[in-house]
Amino acid sequence: MEGFLFQATIYLAAAVIAVPIAARLGLGSVLGYLAAGILIGPVLGLVGAETKDLQHFAEFGVVMMLFLIGLELEPKALWDMRHKLLGLGGLQVGLSTLALMGIAMAYDQPWGVALAIGLTLSLSSTAIVLQTLTEKGLMQTKGGRSVFSVLLAQDIAVIPMLAFLPLIAVTLPVTQMAPDGSIVLESEADAAHGAGHASPADAAISFIESLPAWGITLVTVGAIAGIIITGVFFTRPVFRYIHAAKLREMYTALALLIVVGISFTMMLVGLSPALGAFLAGVVLASSEFRHELETDLEPFKGLLLGLFFITVGAGINFELLASDFVIILGIALLVILVKGLILFVLGRLFKLHGRDQWLFALGLAQAGEFGFVLVSFSVATGVMPDGVAEVLLLVIALTMLITPLLFILHDVISKRSADTTGRPPDDEIDEEGPVIIAGVGRFGQIVNRLVQASGFETVVLDHSPQTISVMRRFGFKAFLGDPTRPDILRKAGLADARVLVVALDDTKSARALVKYARAQRPDLHIVARAHDRTDVYHLYQAGANDIVREMFDSSLRAGRYVLENLGLSEYEAAEAQRIFYHHDRMSIRELAQLWKPEVSPADNKAYVARAKELEKDLETAFLNRADEEEAKKAS
């Protein structure tokens with residue numbers, strides 16, 4: 001017991017220390033878990049042979065992840081995305097697999113091992129790439145959306161890969177590689193498998209294996225049909241039954257039962273547990289209990305996957321890396337080069353250009369976290385020798401570590417190829433006006449319509465060609481250009497404008513624009529759109545005069561409607577709205593003086609104390625208003 005608790009402490013402490021550091025450095029949680037495993041394994045030697053046994057348990061996190069992926073993919077949504085999934089994503093996986101398989105075979109690997117290598121390295125890192133795209137604001141670009149489609153196709157492709165790999169093992173006699181590098185043929189490894197007392201599960205597996213081919217097929221089809229029928233017809237009654245117990249932990253128990261039960265059923269019929277979990281997730285994607293299942297399983301999935309990646313890091317053979325560093329690094333760079341070339345060509349075929357094409361090629365050129373899963377699965381099923389697997393794990397880890405450098409390279413290329421992005425060139429701005437509106441989405445376009453309807457001229461700037469095109473179709477003049485660029489602002493008349501409206505979606509760009517405009521024009525009145533209260537404080541410090549939270553006024557109006565339907569008159573509800581509005585504006589100004597960007601508001605004692613005082617002042621203001629109304633009625 002003491003040994004188990006010690007090991008649990010080591011694994012959890014390593015994760016808690018390494019993962020937040022990796023996240024802060026922009027490397028992502030996967031690399032953080034790998035680093036944690038490397039630290040407690042090869043570097044410090046705190047863990048040893050037990051990581052192999054622990055890895056088999058942690059692999060269940062992969063099953064949970066595929067179940068949750070299935071929950072996100074309604075059959076209708078999958079059908080709508082079929083062209084990009086099968087076209088762009090399918091071609092990427094297929095061509096990368098064939099190219100890498102061919103290279104492996106050229107280095108004397110058997111076709112089955114080479115195919116497993118190609119499948120493993122064809123996948124990219126969903127965790128690292130999506131996080132980086134989100135952080136850099138690239139998700140909504142054409143290249144970002146194409147990257148997402150391919151990542152989704154790869155996640156789905158893992159299912160047939162896991163189902164297909166054991167079939168390769170049937171045709172291959174190779175199970176492992178001897179220390180001297182020679183191939184060891186399959187021997188009496190399974191001779192002792194049946195020794196001892198058979199469990200009910202073993203008995204069931206033996207019974208199914210004894211069936212004729214048509215019987216096994218029938219049982220397999222029946223198992224899959226049973227999962228679909230259960231998901232469609234029986235989950236609702238069971239959830240209602242659990243709900244009647246009014247015990248929160250029963251929902252978690254049911255979610256685990258679904259995944260564990262389906263995994264066991266699939267193993268009985270000789271199919272991949274991940275395949276069954278994914279299928280069940282897709283079936284339940286349109287269920288009203290979908291979010292309940294996601295909430296209950298997400299913590300288990302995250303911890304088990306994290307544990308899996310830690311065990312992978314702990315098992316990395318650094319002696320092998322040190323002895324053959326140049327060769328292994330060369331293989332990693334070769335993988336990136338081959339995948340990058342294939343992606344670059346596919347990007348051009350699917351009409352990606354310039355920055356979008358480079359983002360697509362460089363963003364997906366690495367191997368991914370699912371590669372660790374496939375390597376482990378390939379070794380377990382006898383498809384891949386241990387020696388090849390160790391090299392492959394190092395190659396995957398190195399390509400993932402190189403990924404941040406690929407995105408830096410994309411940034412450099414983007415700056416140098418600004419005129420070859422497939423994006424229309426910026427407009428020549430030939431007008432100036434008293435009002436400059438930077439950003440004309442759902443927020444800025446209403447400001448623009450109101451100001452123009454009142455008889456004032458505006459100069460509208462936006463970096464989106466689609467937005468500008470829509471504006472022009474409806475008869476509004478707008479200019480294509482990045483509002484944060486000084487030369488664009490200068491041409492738009494920043495030197496003489498009376499008001500600047502900052503209505504950009506990206507909060508960092510908005511703050512930078514406000515700061516720059518205030519430095520250039522101390523007398524300029526700046527009206528800025530804020531995402532939330534924290535954004536208000538940032539914009540206040542940057543120099544904005546009037547700051548509008550995008551949901552504040554609409555929320556106030558909704559609150560007024562609530563008061564009216566609770567029995568207040570229109571006048572009373574409007575007065576309540578007015579009092580709250582003015583008090584909130586005053587509170588924001590005061591709290592902005594106490595707010596510190598480096599300290600969480602909840603940890604800022606002066607901020608918290610003043611916020612409590614202001615909340616009491618609001619209650620007092622409402623009570624005073626009520627007393628005034630009572631006095632009026634009495635008189």
*Please list, chain by chain and in numerical order, all residues satisfying side-chain hydrogen bond (donor to acceptor under 3.5 Å, both in side chains) with T403, sequence neighbours excluded.*
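Partners of T403 by the side-chain hydrogen bond (donor to acceptor under 3.5 Å, both in side chains) criterion, ordered by chain and then number, come out as Q366.
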
Which residues share a side-chain contact (heavy atoms from CB on, under 4.5 Å) with [X], sequence neighbours left out:
X	answer
L39	V43, L44
A18	A36
I408	L405
A116	L165, S378, V383, M384

*Can you name the ring pair (Phe, Tyr, Trp, His ring centres under 6.0 Å) partners of F344, sequence neighbours left out?*
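Expected list: W358.
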
How long is the gap from [atom1] on [X] to [atom2] on [Y], to the nearest 0.5 Å?
X	Y	atom1	atom2	result
I40	I17	CD1	CD1	10.5 Å
L334	L329	CG	CG	11.0 Å
L359	L406	CG	CG	11.0 Å

*Provide the full list of side chain to side chain donor-acceptor pair (under 3.5 Å) pairs with a residue in residues 339-349, sequence neighbours left out, each pair given once.*
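Of all non-adjacent pairs touching residues 339-349, those that pass side chain to side chain donor-acceptor pair (under 3.5 Å) are S124-K339, R348-Q357.
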
Could you pull out all donor-acceptor pairs under 3.5 Å where a side-chain atom in residues 93-101 meets a protein atom, sequence neighbours excluded?
{"from": "S96", "atom 1": "OG", "to": "Q92", "atom 2": "O", "distance (Å)": "2.8"}
{"from": "S96", "atom 1": "OG", "to": "Q92", "atom 2": "NE2", "distance (Å)": "3.1"}
{"from": "T97", "atom 1": "OG1", "to": "V93", "atom 2": "O", "distance (Å)": "2.7"}
{"from": "T97", "atom 1": "OG1", "to": "S122", "atom 2": "OG", "distance (Å)": "3.4"}

_salt bridge (charged side-chain N to carboxylate O under 4.0 Å, His left out) partners of residues 404-413, not counting sequence neighbours, each pair once_ =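 Matches after skipping sequence neighbours: K136-D411.
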
*asked:* I'd like to check the salt bridge (Lys or Arg N to Asp or Glu O under 4.0 Å) partners of D324; sequence neighbours left out, ordered by chain and number.
replied: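 Residues passing salt bridge (Lys or Arg N to Asp or Glu O under 4.0 Å) with D324: none at all.
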
_Shortest non-hydrogen contact from A361 toward G340_ =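 Looking at all heavy atoms of both residues, the shortest contact is CB-O, 3.7 Å.
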
